[in-house]
Amino acid sequence: MKGYIKGRNIILLENLPDSFQEGDEVELVITSIPPTNYPSSKPISSLGQKLRQIRQEIVDSGISLLNAEEVEREKAERRGGYQGDDS
């Protein structure tokens, strides 16, 4: 996984795999790579900055971020298309 250092924290550029649970112990190996402009080498728009700020507020609050499947399910629910699992 890649990430960048902000202050004294490591910011990951992707979510942890679903197999990890809160409280799991992990071992980290940190390797320095040539400098880049993480999280992106392109300038971030004002909308992009606002979305990153909202995301960080959610992370800081302790609420789990949705994975891709959960995002698709929520989109469908909001659009009235998700019917649930009948099993």
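Just so we're clear, the structure is a prediction, and the values are computed from it rather than from any experiment. Computed from heavy atoms alone, side chains included, the values below leave out hydrogens, waters and symmetry copies.
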About how many Å separate CD of E57 and CD1 of I54, when rounded to the nearest 0.5 Å? 7.0 Å
Can you list the residues that meet the side chain to side chain donor-acceptor pair (under 3.5 Å) rule with R78, with sequence neighbours excluded? E74
Please check if L12 and V29 belong to a single hydrophobic cluster, counting links between Ile, Leu, Val, Met, Phe, Trp and Tyr side chain heavy atoms closer than 4.5 Å. no
Please tabulate, for the side chains in residues 58-72, all donor-acceptor contacts under 3.5 angstrom to protein atoms that are two or more places apart in sequence or on a different chain.
from, atom 1, to, atom 2, distance (Å)
D60, OD1, Q56, NE2, 2.7
S61, OG, I58, O, 2.6
S61, OG, I63, N, 3.4
N67, OD1, E69, N, 3.0
N67, OD1, E70, N, 2.8
N67, ND2, D18, OD2, 3.3
E70, OE1, N67, N, 2.8
E72, OE2, K75, NZ, 3.2

In terms of side-chain heavy atoms, does Q49 have a donor or acceptor partner in Q53 at a distance below 3.5 Å? no
Less than 4.5 Å apart, side chain to side chain, heavy atoms only: is that true for I30 and I10? yes
By side chain to side chain donor-acceptor pair (under 3.5 Å), E14 pairs with (sequence neighbours left out) none
